[in-house]
Asker: 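Shown below is the structure under consideration.
Order of the sequence lines sets the chain letters (A, B, ...), proteins ahead of strands, with each chain counted from 1.
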Amino acid sequence: MRLTPKSATLIVLALLVAITPFFFPSGYYYRVGALLFVNGIAVTGIVILTGYAGQISLGHAGFAGIGAYACALAPVHWGLHPALAAVLGAAISAVLAYLVGRPILRLKGYYLGVATLGFGILVSMVLNNERQLTRGPDGIEVADLGLREVLKGWGLNLTNGEFWYFFCGLCLIIGAWLALNLHNSPTGRALRALHGSEVAARTVGVDVARFKLQAFVISAVYASVAGSLLALQNKFITPDVAGFMHSVEMVTMAVLGGVGSVLGAIFGAGILTLLPQVLTVFAEYEQMVLGLVMLLVMIFLREGLLPSILKKFWGKDE
Amino acid sequence: MSELLQFLFSGITVGAVYALVALGFTIIYNASDVVNFAQGEFVMLGGMITWFAHAQGLPLPLAALIAIAATAALGVAMNKLMIEPARGAPVVSLIIITIGASIFIQGAAQLVFDKQIHSFPAFSGDDPIRIGGATILPQSLWVIGGALVVFLALWLFFTRTLLGRAVLATSNNRLAAQLVGINTNFVMTLSFALSAAIGALAGVLATPITLTAYSVGIGFALKGFAGAMLGGMGNPKGALVGGFLIGLFEAMTAGYLSSQYKDAAAFIVILAVLFFMPQGLFGRKSTDRV
């Protein structure tokens with residue numbers, strides 16, 4: 001039987017989520033794993049925007065910030081359940097992405113990069129400065145999701161770390177599944193067509209502006225959900241989640257692993273999530289090593305790590 | 001009225017720094033079509049190396065000269081090691097490469113120097129000069145003068161010298177420039193050296209006012225880029241005017257609206273410019289080649 005890339009990706013992800021815990025020496029690794037999956041969700045959104053549609057965003061952390069602060073604020077101010085707050089955050093992100101994306105997506109390349117960067121920085125500035133609402137740079141606590149207690153009631157007793165590991169893993173698999181479905185849908189084909197050449201896509205009747213906007217909105221929702229999950233599992237969030245460095249991190253993870261495929265990007269998310277854990281011993285060198293990794297991969301392995309590795313082993317083009 | 005004048009002075013001062021950064025952006029962008037997000041690190045290095053050398057007992061002018069030369073050398077290295085090997089890479093890759101360089105330089109700076117905030121004495125003392133009820137620091141005049149002198153020198157270089165014209169030719173059409181015998185690789189190297197040196201100079205001039213630390217670069221890069229874009233990407237005159245305008249917007253926002261949101265000014269300007277006149281104040285209209 002020949003596996004399609006879609007089912008292969010989903011099987012690899014499912015195995016990864018299910019099997020790796022057997023090798024965890026301590027409970028701490030569940031936390032790292034959950035963080036990896038959250039980052040994986042965010043970069044899956046970047047794959048849709050950058051990998052499929054060929055558009056750049058240096059401001060997606062802004063949407064993560066909206067998702068995260070929705071979970072922090074809506075339960076307190078409106079008595080919303082944290083899960084509904086995450087949905088609300090995603091909805092706000094989608095609407096905002098639609099409104100901002102309409103004018104911004106006419107731009108290309110560096111201009112688009114800087115416009116999105118400006119948007120992201122404005123969001124993080126609001127989160128930092130509106131102290132009476134967000135409590136500023138010191139951060140704010142986030143209500144408990146409460147799902148773990150529900151599961152306990154059903155006889156499934158998980159530690160906090162285990163719960164978030166499997167929950168985020170499940171969310172990642174769902175997110176990847178949706179993204180892979182999109183890839184093969186008419187929308188996905190339109191996105192890839194306009195990635196190749198906007199003019200060519202337009203001449204064959206693709207509504208370029210509409211599809212770009214769709215990709216932007218969808219990827220914003222991914223970032224928002226990732227932000228919500230991060231806030232909910234940490235039960236605390238600071239405006240750094242919306243910061244410029246977080247935006248750069250998202251794009252870097254995706255491009256590092258290979259922005260052309262969901263699995264590649266998640267691989268990149270894995271590398272950049274694990275790197276600081278490995279480097280804690282050399283905390284002083286962390287920033288230098290991060291910069292160096294970004295440089296070397298981008299200069300020598302332009303398609304990203306995973307495609308380059310696969311090519312090396314199988315010696316074939318996809 | 002004196003209040004407005006005061007904001008004007010502080011706006012022009014920071015604006016001059018942004019203008020220098022924007023000029024640096026412009027030079028590299030013209031030569032290579034690369035937007036160098038590490039441009040701010042040149043400013044940081046200019047300040048940090050000068051502080052370091054001065055603290056070791058070197059006289060300030062010598063320390064500044066060393067800082068500018070060392071940063072220019074780094075600019076050349078960046079071109080040789082990162083930009084040339086990545087020629088033809090997509091824009092996303094180039095953005096990540098230059099941001100990677102920026103992160104790497106910051107990491108190295110905090111190792112080689114430290115994480116503290118530093119400064120060194122102003123060139124002509126700290127006694128503020130009174131003009132019409134407002135005050136301006138002598139160092140501000142150095143910064144503003146520096147920006148104008150650099151702009152003038154660049155203008156002369158690009159319009160009056162053969163080498164400068166070679167740079168312009170390369171930015172217009174690399175292949176055509178090669179065909180008429182211009183050493184385009186040398187032009188690239190020169191552009192990076194020049195751009196890094198201008199960035200470092202900005203750092204040297206501004207540090208007595210703005211102070212410096214390993215992490216100040218990214219802010220300068222973003223504001224400088226905003227200036228370059230406002231003026232019209234690739235246009236030196238635009239970079240100068242754009243840089244000053246961003247500084248003024250920032251100072252007015254801080255003075256009359258909210259000092260917390262002064263950094264937002266640059267980005268609101270950027271978004272407005274991109275929406276309403278993507279080619280900037282002095283930019284050429286561009287057309288797509290299919």
Side-chain angles (χ1 to χ4, degrees), chain A residues 46 50-51 54-59 100 103-104 106-122 125-126 128-131 136 197-200 203 244-245 248 251-252 254-256 259 284-300 302-304, chain B residues 29 33-35 37-38 78 81-86 88-111 115 214-215 218-219 222 225-226 228-229 233 258 260-264 266-276 278 286 288-290:
Chain A
I46 301 290
T50 308
Q55 310 299 309
I56 305 170
S57 172
L58 294 177
V100 175
I104 273 186
R106 282 182 312 175
L107 307 165
K108 291 192 186 74
Y110 290 116
Y111 291 87
L112 180 61
V114 169
T116 48
L117 187 159
F119 162 76
I121 287 189
L122 289 178
M125 224 175 274
V126 169
N128 268 307
N129 288 334
E130 296 304 317
R131 284 163 190 276
S197 162
E198 275 190 29
V199 178
T203 50
F244 173 59
M245 276 317 293
V248 171
V251 179
T252 307
V255 178
L256 196 73
V259 74
E284 292 190 326
Y285 296 91
E286 189 189 323
Q287 219 179 356
M288 260 177 86
V289 174
L290 174 66
L292 202 62
V293 169
M294 287 166 75
L295 286 170
L296 293 178
V297 174
M298 276 303 94
I299 294 171
F300 297 110
R302 270 187 213 173
E303 290 165 60
Chain B
Y29 181 78
D33 278 332
V34 170
V35 169
F37 280 88
M78 245 186 91
L81 298 177
M82 300 167 198
I83 306 300
E84 273 184 14
V91 171
V92 193
S93 306
L94 287 171
I95 288 178
I96 292 182
I97 287 173
T98 56
I99 290 179
S102 154
I103 292 175
F104 177 76
I105 294 171
Q106 274 182 43
Q110 81 190 50
L111 268 182
K115 294 187 180 184
Y214 79 97
S215 57
I218 197 76
L222 297 179
F225 190 25
M229 202 169 252
M233 212 57 208
S258 147
Q260 288 179 327
Y261 281 101
K262 78 180 168 72
D263 292 327
F267 295 103
I268 290 175
V269 170
I270 273 288
L271 290 175
V273 170
L274 288 173
F275 291 162
F276 298 116
S286 69
D288 270 349
R289 191 178 299 181
V290 180

Asker: Between CD1 of B:I83 and CD1 of A:I299, what distance do you get to the nearest 0.5 Å?
Answerer: 7.5 Å
Asker: In terms of heavy-atom pairs under 4.5 Å with chain A, which of B:T98, B:L94, B:I95, B:I96 leads?
Answerer: B:I96
Asker: Given side chains that start at C-beta, do those of B:V34 and A:Y110 come closer than 4.5 Å, heavy atoms only?
Answerer: yes
Asker: For A:V251, which atoms come within 4.5 Å of any heavy atom of chain B: side chain, backbone, both, or neither?
Answerer: both
Asker: Contact part of A:F244 toward chain B, heavy-atom cut-off under 4.5 Å: side chain, backbone, both or neither?
Answerer: side chain
Asker: Pick whichever of A:G113, A:G54, A:G291 has the most heavy-atom pairs under 4.5 Å with chain B.
Answerer: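 Highest number of pairs under 4.5 Å: A:G291.
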Asker: Would you mind reporting whether A:L117 and B:F37 have side-chain heavy atoms less than 4.5 Å apart?
Answerer: yes
Asker: Identify which part of A:E130 has an atom lying under 4.5 Å from any heavy atom of chain B, answering side chain, backbone, both or neither.
Answerer: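 Backbone plus side chain of A:E130, per the 4.5 Å heavy-atom cut-off to chain B.
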Asker: Between A:I56, A:L112, A:V289, A:V114, which residue shows the highest count of heavy-atom pairs closer than 4.5 Å to chain B?
Answerer: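 With the most close heavy-atom pairs to chain B, the winner is A:V114.
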Asker: At a heavy-atom separation under 4.5 Å, does B:L111 approach chain A through its side chain, its backbone, both, or neither?
Answerer: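 For B:L111, side-chain heavy atoms alone lie under 4.5 Å from chain A.
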Asker: Below 4.5 Å from any heavy atom of chain B, which atoms of A:V126 appear? Answer side chain, backbone, both or neither.
Answerer: both
Asker: So which heavy atom on A:L122 is nearest to which on B:A264, and how close?
Answerer: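 Looks like CD2-CB, 3.6 Å.
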Asker: Select one option (side chain, backbone, both, neither) describing which atoms of A:I104 are under 4.5 Å from chain B's heavy atoms.
Answerer: both
Asker: Just to verify, what does A:F119 make a ring-ring contact (aromatic ring centres under 6.0 Å, His included) with, not counting sequence neighbours?
Answerer: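 ring-ring contact (aromatic ring centres under 6.0 Å, His included) check on A:F119 returns A:F63.
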Asker: Could you check which of A:Y111, A:F300, A:Y285 has the highest count of heavy-atom pairs closer than 4.5 Å to chain B?
Answerer: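 Between A:Y111, A:F300, A:Y285, the count favours A:Y111.
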Asker: Could you go through residues 99-108 of chain B and list every donor-acceptor pair under 3.5 Å that involves a side-chain atom there, pairing it with any protein atom two or more places apart or in another chain?
Answerer:
{"from": "B:S102", "atom 1": "OG", "to": "B:E41", "atom 2": "OE2", "distance (Å)": "2.9"}
{"from": "B:Q106", "atom 1": "OE1", "to": "A:Q287", "atom 2": "NE2", "distance (Å)": "3.2"}
{"from": "B:Q106", "atom 1": "NE2", "to": "B:E41", "atom 2": "OE2", "distance (Å)": "3.3"}

Asker: Just how far is it from atom CD1 of A:I121 to atom CG of B:D263, taken to the nearest 0.5 Å?
Answerer: 8.5 Å
Asker: Which atoms of B:M82 are under 4.5 Å from chain A, going by heavy atoms: the side chain, the backbone, both sets, or neither?
Answerer: both
